[in-house]
There are 2 protein chains.
Amino acid sequence: MTNSTRAGKRERLAGAAVRVLHEQGVEKTTLADIARAADVPVGNVYYYFKTKDQLIEAAIEAHGHELDSMIEALERPATPQERLKALLRGWIGHSDLTARYGCPTGTLASELDKRDDGLDRAIAKVMGRLLDWVEAQFAAMGRQDARELAVALFASYQGIALLTNTFRDPGLMAMEGRRLERWIDSLS
Amino acid sequence: MTNSTRAGKRERLAGAAVRVLHEQGVEKTTLADIARAADVPVGNVYYYFKTKDQLIEAAIEAHGHELDSMIEALERPATPQERLKALLRGWIGHSDLTARYGCPTGTLASELDKRDDGLDRAIAKVMGRLLDWVEAQFAAMGRQDARELAVALFASYQGIALLTNTFRDPGLMAMEGRRLERWIDSLS
DNA sequence: GTCTATAAAAAGATAGAC
DNA sequence: GTCTATCTTTTTATAGAC
């Protein structure tokens with residue numbers, strides 16, 4: 001087998017892990033679940049990842065790359081206000097998935113915090129990159145309190161994702177999303 | 001042994017479970033952990049609870065009673081604005097604990113959602129009672145959009161609790177708490 | 001009613017055939 | 001490099017002595 005095939009399976013496992021960890025949570029997910037989703041035999045997983053931790057770490061990295069791509073796409077709109085609203089609309093667009101499984105980043109962060117491996121720091125870094133991007137938008141709007149506003153917006157999203165998930169009601173996310181859009185408009 | 005002793009151990013187990021589940025999470029917590037915290041032999045747990053699920057359910061109920069007591073205490077201030085700000089200050093007062101373990105209700109809701117027993121509905125009901133109380137305060141302020149405001153406030157709290165936990169920074173909670181106090185004042 | 005010892009099941013990890 | 005079979009550990013749950 002060539003190296004490219006090897007890389008392919010590794011990435012397939014990491015990609016499948018992102019999906020399955022979001023749907024089932026870290027602790028309820030077995031290596032067998034991920035292997036099945038990636039169409040790889042269970043025992044073979046250990047050729048690519050020495051431990052379950054290393055596979056989770058790869059999943060965090062893969063999820064981080066997805067978020068980085070999202071951020072890149074969000075750079076298109078001309079004004080920071082429009083960019084932030086595009087972010088909000090992206091979140092609202094996933095409200096059905098959020099109602100079922102919560103925010104992928106938030107649920108992962110919450111669960112990894114309970115483990116004593118260092119993986120909670122990895123997901124914190126990923127979340128930090130998105131938070132920094134939001135802060136940059138508020139700064140571009142000329143706000144001195146950009147960090148505080150970024151934390152507020154991000155917290156509102158994480159919180160409404162949790163409520164949407166807990167009450168299984170995508171409508172909550174749509175309602176709060178509209179409110180946050182009005183709030184962003186009011187800041188200009 | 002008398003019934004009162006029996007009830008005592010049952011409640012001690014449920015109370016210990018509330019604490020340990022908050023600190024370690026549902027999935028990382030074993031019955032042995034809870035038994036140790038309650039000072040009860042492991043095997044004896046099954047005399048009081050037939051399954052782990054039933055013990056978790058009792059913990060949810062006990063946590064619900066704690067929240068109900070908190071709500072009762074929050075009724076003291078004369079105006080709804082003061083009552084909401086008292087709630088905020090209570091949250092801020094727990095920011096160190098939140099930085100270490102997250103919001104007890106939110107982390108529980110997030111984790112229980114991944115299980116296929118029905119316990120996620122139980123924690124949703126508990127959270128719903130607090131949300132309803134917040135809504136009642138906004139309604140008492142004469143707001144027609146009381147539900148929307150209640151969802152927004154509660155989401156902000158749940159979200160900032162998650163960020164506070166993820167970044168291990170109690171200061172985030174203090175900062176957002178002050179912002180929310182100003183926001184409540186601005187609504188009158 | 002209380003507790004110990006142990007069974008049963010699940011999941012992570014490894015050895016070794018191919 | 002790939003995969004099967006199996007070992008080990010952990011944790012839930014039960015049987016039965018006291």
Side-chain angles (χ1 to χ4, degrees), chain A residues 1-60 108 111-112 114-120 122, chain B residues 1-60 108 111-112 114-119:
Chain A
M1 281 294 173
T2 64
N3 268 343
S4 72
T5 303
R6 170 176 177 168
K9 274 201 185 175
R10 230 193 102 95
E11 281 161 24
R12 225 162 65 217
L13 280 166
V18 174
R19 234 178 327 119
V20 178
L21 291 178
H22 180 208
E23 291 173 7
Q24 307 189 350
V26 176
E27 302 300 339
K28 297 296 279 186
T29 296
T30 66
L31 292 175
D33 292 332
I34 298 172
R36 197 182 318 116
D39 200 32
V40 167
V42 200
N44 199 357
V45 172
Y46 284 93
Y47 178 71
Y48 298 100
F49 302 97
K50 274 197 257 298
T51 63
K52 187 183 180 183
D53 268 28
Q54 286 190 10
L55 176 49
I56 295 173
E57 193 171 11
I60 295 169
L108 204 49
E111 239 188 317
L112 290 178
K114 305 300 187 191
R115 298 170 66 103
D116 36 16
D117 48 44
L119 294 179
D120 53 347
Chain B
M1 281 293 174
T2 63
N3 268 341
S4 72
T5 304
R6 172 180 175 163
K9 274 202 185 175
R10 229 193 102 94
E11 281 162 26
R12 223 164 65 218
L13 280 166
V18 174
R19 234 179 326 120
V20 178
L21 291 178
H22 181 209
E23 291 173 6
Q24 307 189 351
V26 177
E27 302 300 337
K28 296 296 281 186
T29 296
T30 68
L31 292 174
D33 292 332
I34 298 173
R36 196 181 319 117
D39 200 33
V40 167
V42 200
N44 199 358
V45 173
Y46 285 93
Y47 178 73
Y48 297 99
F49 301 96
K50 273 196 257 301
T51 63
K52 186 183 180 183
D53 267 28
Q54 286 189 10
L55 177 48
I56 296 173
E57 191 171 11
I60 295 170
L108 204 49
E111 239 186 318
L112 291 178
K114 304 301 187 191
R115 297 170 66 102
D116 36 15
D117 48 45
L119 294 179

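Below, chain A is the first sequence line, B the second, and so on; all start at residue 1. None of the values given here were measured: they were computed from a predicted structure.
- Panel note: side chain A/Asp33, backbone A/Thr30; a donor-acceptor pair is recorded below 3.5 Å.
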**OP:** Could you go through the salt bridge (charged side-chain N to carboxylate O under 4.0 Å, His left out) check for B/Glu27 and B/Arg115 one step at a time?
**Re:** CA-CA 10 Å; B/Glu27 302 300 337; B/Arg115 297 170 66 102; 2.9 Å; yes

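- B/Lys52 has its NZ atom 15 Å from the P atom of D/dT10, to the nearest Å.
- Regarding contacts with the backbone of C/dA13, a side-chain N or O of A/Tyr46 is found under 4.0 angstrom from either OP1 or OP2.
- B/Thr51 contributes atom OG1, which lies 8.0 Å from atom OH of B/Tyr46 (distance to the nearest 0.5 angstrom).
- Rounded to whole angstrom, the span from the CG atom of A/Leu55 across to the C1' atom of C/dA13 amounts to 14 Å.
- At whole-Å resolution of the value, CG in B/Asp33 and P in D/dT10 are 13 Å apart.
- To the nearest angstrom, P of C/dC3 lies 16 Å from CG of B/Leu31.
- Within the 4.5 Å cutoff, the side chain of A/Arg12 has heavy atoms near those of the A/Val40 side chain.
- Put simply, NZ on B/Lys50 is 10 Å from P on D/dT14, counting in whole angstrom units.
- Computed from coordinates, the A/Arg36 CZ to C/dG12 P distance equals 12 Å when rounded to whole Å.
- Checking the phosphate oxygens (OP1, OP2) of D/dT2, no side-chain nitrogen or oxygen of A/Asn44 falls inside 4.0 Å.
- The distance from atom CD1 of A/Ile56 to atom C1' of C/dA13 is 14 Å, rounded to the nearest whole Å.
- For B/Pro41, counting side-chain heavy atoms from C-beta on, the closest listed nucleotide (C/dT4, D/dT12, D/dC3) is C/dT4.
- A straight line from CG of A/Asp53 to C1' of C/dA11 spans 14 Å, rounded to a whole angstrom.
- Note on B/Tyr48: a side-chain N or O is less than 4.0 Å away from OP1 or OP2 of C/dT2.
- Rounding to the nearest 0.5 Å places CD of B/Gln24 at 8.5 Å from CD1 of B/Ile34.
- When the side-chain nitrogen and oxygen atoms of A/Tyr47 are compared with OP1 and OP2 of D/dG1, one or more of them lie within a distance under 4.0 Å.
- For D/dT10, neither phosphate oxygen OP1 nor OP2 lies less than 4.0 angstrom from any side-chain nitrogen or oxygen of B/Lys28.
- Taking 4.0 angstrom as the limit, A/Lys9 places a side-chain polar atom (N or O) nearer than this to OP1 or OP2 of D/dC3.
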